[in-house]
Amino acid sequence: LALSALDLNMSRERSQSKTWAERYESSSSKESPVSPLGLGDSMEPLDASEEAEWKLIQKKVFTRWCNERLKVVELSLDDLVLDFSDGVRLIALVQALSRKMVGRYSKKPRIYAQKMENVQLALDLLTKVEKIKLINIGSGDIVSCNSKLILGLVWTLILHYQISVGFGIDE
C-alpha cells in the first residue's frame with residue numbers, strides 16, 4: 001500500500017514527538033512542574049491561576065464531548081455551565097447517552113422551580129435508572145451554575161458512557 005504524503009508526515013511527526021513520560025521528564029527540570037494530576041513535584045495543589053487554566057481546559061474538552069453526543073438530537077452547547085442550568089440540554093444529553101426517556105419536562109422553563117425539576121429528572125434518570133453514583137451533587141448545584149460540580153458530573157458521564165462502557169467494564 002502506498003501512503004499518502006499526509007500519512008507520511010503524520011507518521012514522521014509521531015516518531016519524532018516525545019512520549020508523555022519524556023515530556024514530563026523534560027518539564028521536571030523547571031522550577032515548578034505540574035503533574036497530570038494537577039500537583040507539583042512536592043505534591044502541592046495548583047495555585048489559583050493554574051487551577052483556573054485547568055478548569056478552562058476541562059470546560060472546553062467536556063463541552064466538545066457533550067456536543068459530539070448532542071449531535072444526534074441536533075443540539076449543541078456554547079457554555080457548558082450556563083446551558084445545563086435550565087436542565088433542557090442536560091436532559092437531552094442524558095437521554096442521548098442512556099437511550100431512555102425522562103418523561104414529561106418543561107421544554108422552556110421560566111421559573112426556578114421548573115429548572116430545578118428538569119435537572120432533577122435528568123439526575124434521577126442517571127441515579128435510579130442507569131445506577132450511576134453521583135456524590136455531592138444536586139439539582140440546586142447545576143441550576144446555580146456551580147462549575148466545579150458540573151464538570152465533575154460531566155466527568156462521571158464520560159467515565160460511565162465512554163470509558164467503562166467502551167471497554168466493557170462492569171461496575
Side-chain angles (χ1 to χ4, degrees), residues 4 6-7 10 14 19-20 34-39 45-171:
S4 68
L6 179 62
D7 291 335
M10 287 177 59
R14 278 192 206 118
T19 65
W20 176 86
V34 177
S35 76
L37 300 174
L39 300 171
L46 296 173
D47 67 18
S49 65
E50 291 172 327
E51 187 173 335
E53 183 181 349
W54 181 246
K55 267 188 182 177
L56 184 62
I57 291 169
Q58 280 183 326
K59 193 174 177 183
K60 284 180 183 178
V61 171
F62 292 177
T63 301
R64 198 173 305 133
W65 184 85
C66 291
N67 281 333
E68 282 297 314
R69 291 346 174 247
L70 286 171
K71 280 183 182 177
V72 177
V73 291
E74 298 177 1
L75 286 175
S76 68
L77 301 173
D78 296 319
D79 184 338
L80 183 73
V81 175
L82 291 175
D83 290 344
F84 279 170
S85 68
D86 66 358
V88 176
R89 290 192 183 114
L90 179 60
I91 287 174
L93 178 65
V94 168
Q95 289 180 154
L97 291 171
S98 69
R99 296 184 179 98
K100 296 179 179 130
M101 302 300 286
V102 296
R104 290 177 50 127
Y105 65 94
S106 180
K107 292 184 179 30
K108 293 185 180 180
R110 291 182 179 88
I111 60 174
Y112 182 78
Q114 291 172 326
K115 294 175 184 181
M116 289 285 286
E117 185 178 7
N118 280 355
V119 172
Q120 193 58 51
L121 285 169
L123 295 179
D124 285 347
L125 182 98
L126 292 172
T127 57
K128 294 177 182 170
V129 178
E130 291 293 299
K131 306 291 188 220
I132 298 174
K133 293 178 184 158
L134 300 178
I135 299 169
N136 199 25
I137 186 165
S139 53
D141 299 317
I142 296 171
V143 173
S144 66
C145 299
N146 185 327
S147 63
K148 194 168 195 168
L149 292 177
I150 292 172
L151 291 172
L153 171 66
V154 175
W155 176 244
T156 302
L157 295 176
I158 292 170
L159 282 176
H160 182 79
Y161 290 104
Q162 188 74 35
I163 298 172
S164 297
V165 173
F167 289 115
I169 300 170
D170 291 329
E171 294 181 51

Q120: what forms a side-chain contact (heavy atoms from CB on, under 4.5 Å) with it, not counting sequence neighbours? L123, D124, S139
Residues passing the side-chain contact (heavy atoms from CB on, under 4.5 Å) test with D47, sequence neighbours excluded, are S49, E50
Among I132, L121, T156, which residue meets the side-chain contact (heavy atoms from CB on, under 4.5 Å) test with L126? I132
Give me each pair satisfying salt bridge (Lys or Arg N to Asp or Glu O under 4.0 Å) with a member in residues 107-118, each pair once, sequence neighbours excluded. none
Residues in salt bridge (Lys or Arg N to Asp or Glu O under 4.0 Å) contact with K100, at least two apart in sequence or another chain: E130
Acceptor/donor pairs from residues 69-97 side chains to any protein atom, 3.5 angstrom cut, sequence neighbours excluded:
from : atom 1 : to   : atom 2 : distance (Å)
R69  : NH1    : W65  : O      : 3.3
R69  : NH2    : Q162 : OE1    : 2.4
K71  : NZ     : E68  : OE2    : 3.0
D79  : OD1    : K59  : NZ     : 3.1
D79  : OD1    : V81  : N      : 3.1
D83  : OD1    : R89  : NH1    : 3.0
D83  : OD2    : D78  : N      : 2.6
D83  : OD2    : D79  : N      : 3.1
S85  : OG     : L82  : O      : 2.7
D86  : OD1    : V88  : N      : 3.1
R89  : NE     : S76  : O      : 3.2
Q95  : OE1    : V102 : N      : 3.0

Counterpart residues, side-chain contact (heavy atoms from CB on, under 4.5 Å), relative to I111 (two or more places apart): A113, Q114
Would you compute the distance between atom CD of E51 and atom CD of Q58 and round it to the nearest 0.5 angstrom? 9.5 Å
One should read off an interatomic distance between I137 CD1 and I135 CD1, to the nearest 0.5 angstrom, of 11.0 Å
After noting the C-alpha distance and the side-chain angles of L125 and S98, does the key distance pass the side chain to side chain contact (heavy atoms under 4.5 Å, CB included) rule? CA-CA 9 Å; L125 182 98; S98 69; 3.3 Å; yes
Please table the atom pairs, donor to acceptor, closer than 3.5 Å between any side-chain atom in residues 144-154 and protein atoms at least two apart or in another chain.
from : atom 1 : to   : atom 2 : distance (Å)
S144 : OG     : G140 : O      : 2.7
S144 : OG     : D141 : O      : 3.3
N146 : OD1    : K148 : N      : 3.3
N146 : OD1    : L149 : N      : 3.3

